[in-house]
Colleague: 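Input: one structure, supplied below.
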Amino acid sequence: HNEGNGQNNTDGINENLSWNCGVEGETDDPEIEALRLRQLKNFAAILLLSIGVPMILGGDEARRTQQGNNNAYCQDNEISWFDWKRAEANQGLFRFFKQMIAFRKRQATLRRDQFFTGESNSRGLPDVTWHGCRLFSPGWDDPGSRVLAYTLGSFAEEDSPEDVDIHVILNMYWQDLDFDLPSIAGRQWNRVVDTSLPSPDDIEENFDTSRPENRIDGTTYLAKNRSVVVLISRPTGK
């Protein structure tokens with residue numbers, strides 16, 4: 001939507017790879033609004049779980065919009081201005097960004113400065129293990145796959161606050177799916193992030209303790225459609 005740029009809507013790139021979730025522009029449809037919010041949290045989670053230096057565009061944490069204009073450098077108006085009121089109106093999303101950044105800063109496993117090597121930690125868990133819905137079965141050869149899961153083994157000092165393995169589930173499919181969870185002797189998975197949940201349940205603030213409702217007792221996790229889930233391992237019962 002670059003009509004206001006005066007070039008007959010021909011400027012800007014075409015490869016946006018964007019999706020309006022079913023309605024173009026603003027909407028009061030609660031289902032579409034919920035999906036858009038979940039997608040924003042998905043983008044933030046995937047970025048801040050990735051190895052390397054994350055780059056965030058200022059305003060993403062407050063649902064900043066350019067009204068579909070992808071070449072707004074020439075617009076000195078509401079299209080390109082930063083609307084500070086959005087931070088107040090989107091406190092749940094702002095909180096999610098803030099806590100995801102805090103989680104990344106807390107976990108050395110997410111801030112490694114070397115490539116994965118396959119080295120295993122004291123629990124026999126490799127630095128990275130790739131999965132799909134089933135363990136050890138990533139869909140590398142399936143061009144239509146919309147799911148991925150992976151486990152990051154921790155190499156932090158044993159029993160230190162950072163000594164937690166991380167398991168990530170990415171379900172970008174349009175249906176809820178069950179994902180197998182790896183078993184770690186003497187350890188239990190605890191949920192830290194589930195972008196399908198409303199704020200403040202979408203991300204845990206206290207990473208040192210786990211509420212009973214966040215402890216995963218089974219061997220699978222039902223990931224809602226188009227959601228990101230993050231689990232961390234703790235000694236059983238803690």
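Start at 1 with the first residue, then count along the sequence.
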Colleague: For Arg63 and Leu93, what are the C-alpha separation, side-chain angles and deciding distance, and is it a side-chain contact (heavy atoms from CB on, under 4.5 Å)?
Modeller: CA-CA 8 Å; Arg63 294 189 69 171; Leu93 180 62; 3.3 Å; yes

Colleague: If you look at every heavy atom in Val164 and Ser154, which pair is closest and at what distance?
Modeller: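 Minimum heavy-atom contact is O-CB, 3.2 Å.
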
Colleague: Does Gln75 reach the main-chain N or O of Gly4 with its side chain, forming a donor-acceptor pair under 3.5 Å?
Modeller: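 Flag set: sc Gln75 to bb Gly4 pair under 3.5 Å.
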
Colleague: Asp180 and Tyr221: side-chain donor and acceptor closer than 3.5 Å?
Modeller: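 Asp180 vs Tyr221: no donor-acceptor pair found between side chains.
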
Colleague: Are any of the side-chain heavy atoms of Val128 and Thr151 separated by less than 4.5 Å?
Modeller: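 Of all side-chain heavy-atom pairs linking Thr151 with Val128, none is under 4.5 Å.
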
Colleague: Flag yes if Leu135 and Ile232 sit in one hydrophobic cluster, no otherwise; membership is Ile, Leu, Val, Met, Phe, Trp, Tyr, and two members link when side-chain heavy atoms are under 4.5 Å apart.
Modeller: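 No: no chain of side-chain contacts under 4.5 Å links Leu135 to Ile232.
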
Colleague: If we ignore hydrogens and angles and just use 3.5 Å, is the side chain of Asn171 paired with the main-chain N or O of Val147 as donor and acceptor?
Modeller: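 No.
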
Colleague: Would Ile51 end up clustered with Leu47 when hydrophobic side chains under 4.5 Å apart are linked, directly or stepwise?
Modeller: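 Linked within one cluster.
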
Colleague: Test side-chain contact (heavy atoms from CB on, under 4.5 Å) on His1 and Asn69 and set out the steps.
Modeller: CA-CA 5 Å; His1 287 283; Asn69 190 319; 5.6 Å; no

Colleague: Measure the spacing between CG of Leu125 and OG of Ser233 and express it to the nearest 0.5 Å.
Modeller: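 It is 7.5 Å, given to the nearest 0.5 Å.
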
Colleague: Is the number of heavy atoms from other residues, nucleotides or ligands within 6.0 Å of CD (Glu213) greater than 12?
Modeller: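 Correct, the count exceeds 12.
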
Colleague: Quick one: does Asp11's side chain have a donor or acceptor within less than 3.5 Å of a partner on Gln7's backbone?
Modeller: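 No.
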
Colleague: Give a yes or no answer on whether the side chain of Arg112 reaches the backbone of Phe115 with a donor-acceptor pair at less than 3.5 Å.
Modeller: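 Yes, Arg112 side chain to Phe115 backbone: donor-acceptor pair under 3.5 Å.
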
Colleague: Return the CG to CG distance between Asn42 and Leu170, rounded to the nearest 0.5 Å.
Modeller: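 Between atom CG of Asn42 and atom CG of Leu170 there are 8.5 Å.
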
Colleague: Starting at CD of Gln91, measure out to NZ of Lys98 and round the result to the nearest 0.5 Å.
Modeller: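 So the CD of Gln91 and the NZ of Lys98 are separated by 11.0 Å.
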
Colleague: How long is the straight-line distance from CZ of Arg226 back to CE of Met172, given to the nearest 0.5 Å?
Modeller: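 CZ of Arg226 is found 9.0 Å from CE of Met172.
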
Colleague: Taking it one step at a time, do Leu148 and Trp140 satisfy side-chain contact (heavy atoms from CB on, under 4.5 Å)?
Modeller: CA-CA 9 Å; Leu148 183 65; Trp140 300 138; 3.9 Å; yes

Colleague: Are Arg187 and Asp163 ion-paired here, with the side-chain N under 4.0 Å from a carboxylate O?
Modeller: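 Yes, this pair counts.
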
Colleague: Do Arg36 and Glu26 sit within salt-bridge range, that is, some charged N less than 4.0 Å from a carboxylate O?
Modeller: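 No.
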
Colleague: Are side-chain N/O atoms of Asn2 and Asn9 paired as donor and acceptor at under 3.5 Å?
Modeller: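 Note: Asn2 and Asn9 side chains miss the donor-acceptor criterion.
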
Colleague: Working note: Thr220 + Leu181, criterion side-chain contact (heavy atoms from CB on, under 4.5 Å); need CA distance, chi angles, decisive distance, verdict.
Modeller: CA-CA 5 Å; Thr220 63; Leu181 301 179; 5.5 Å; no

Colleague: Should we count CG of Asp28 as having more than 12 external heavy atoms under 6.0 Å?
Modeller: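 Open: at most 12 neighbouring heavy atoms sit under 6.0 Å from CG of Asp28.
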
Colleague: Evaluate whether atom CD of Glu157 has more than 12 neighbouring non-hydrogen atoms of other residues, nucleotides or ligands under 6.0 angstrom away.
Modeller: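 It does not: Glu157 CD has 12 such atoms or fewer within range.
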
Colleague: Would you kindly confirm whether Ile166 and Val192 end up in one hydrophobic cluster when ILVMFWY residues are joined by side chain heavy atoms under 4.5 Å apart?
Modeller: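 Result: yes, single cluster for both.
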
Colleague: Using 4.0 Å as the upper bound for N to carboxylate O, is an ion pair formed by Asp165 and Arg123?
Modeller: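 Looking at Arg123 and Asp165, the cut-off is met.
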
Colleague: So how far is it from Trp174 CH2 to Arg146 CZ, rounded to the nearest 0.5 Å?
Modeller: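 These two atoms lie 4.5 Å from each other.
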
Colleague: Using the ring centroid of each side chain, check whether Phe136 and His131 are separated by less than 6.0 Å.
Modeller: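 Judged by ring-centre distance (under 6.0 Å), Phe136 and His131 do meet the cut-off.
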
Colleague: Which heavy-atom pair separates Asp29 from Thr27 by the least distance, and what is that distance?
Modeller: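 Smallest heavy-atom distance, with atoms named: N-OG1, 3.0 Å.
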
Colleague: Ion pair present between Asp202 and Arg95, side-chain N to carboxylate O less than 4.0 angstrom?
Modeller: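 Yes.
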
Colleague: Can you give me the closest heavy-atom contact between Ala44 and Phe96, atom names plus distance?
Modeller: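 Scanning both residues, the minimum pair turns out to be CB-CE2, 4.3 Å.
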
Colleague: So that I can tick it off, tell me whether Arg191 and Glu204 are bridged by a salt bridge, with the cut-off set at under 4.0 angstrom between side-chain N and carboxylate O.
Modeller: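 No, no charged N to carboxylate O under 4.0 Å.
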
Colleague: Are Asp176 and Asn225 close enough, and set up right, to give a side chain to side chain donor-acceptor pair (under 3.5 Å), and what steps lead you there?
Modeller: CA-CA 4 Å; Asp176 304 348; Asn225 64 90; 3.1 Å; yes

Colleague: When rounded to the nearest 0.5 angstrom, what distance separates CG in Asp194 from NZ in Lys41?
Modeller: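 Rounded to the nearest 0.5 Å, the CG-NZ separation comes out at 8.5 Å.
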
Colleague: Is it true that the side chains of Asn8 and Thr10 contain a donor and an acceptor less than 3.5 Å apart?
Modeller: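 No pair is found: no donor N or O on one side chain lies under 3.5 Å from an acceptor on the other.
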
Colleague: With no hydrogens and no angle check, is any side-chain donor or acceptor of Glu88 less than 3.5 Å from a backbone partner on Arg86?
Modeller: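 Not a single qualifying donor-acceptor pair exists.
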
Colleague: What closest approach, in Å, do Leu110 and Leu48 show between heavy atoms, and which atom pair accounts for it?
Modeller: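 Where Leu110 meets Leu48 most closely, the heavy atoms are CD1-O, 4.3 Å.
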
Colleague: For the residue pair Trp81 and Asp76, what are the closest heavy atoms and their distance?
Modeller: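 Minimum heavy-atom contact is NE1-OD1, 2.8 Å.
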
Colleague: Could you tell me whether a side-chain N or O of Ser227 sits under 3.5 Å from a main-chain N or O of Ser196, the two making a donor and an acceptor?
Modeller: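 No, the answer is negative, given that no donor and acceptor are paired below the 3.5 Å cut-off.
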
Colleague: Identify the two heavy atoms, one from Ser80 and one from Arg64, that lie closest to each other, and give their separation to 0.1 Å.
Modeller: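 The pair with the smallest heavy-atom distance is O-NH2, 2.9 Å.
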
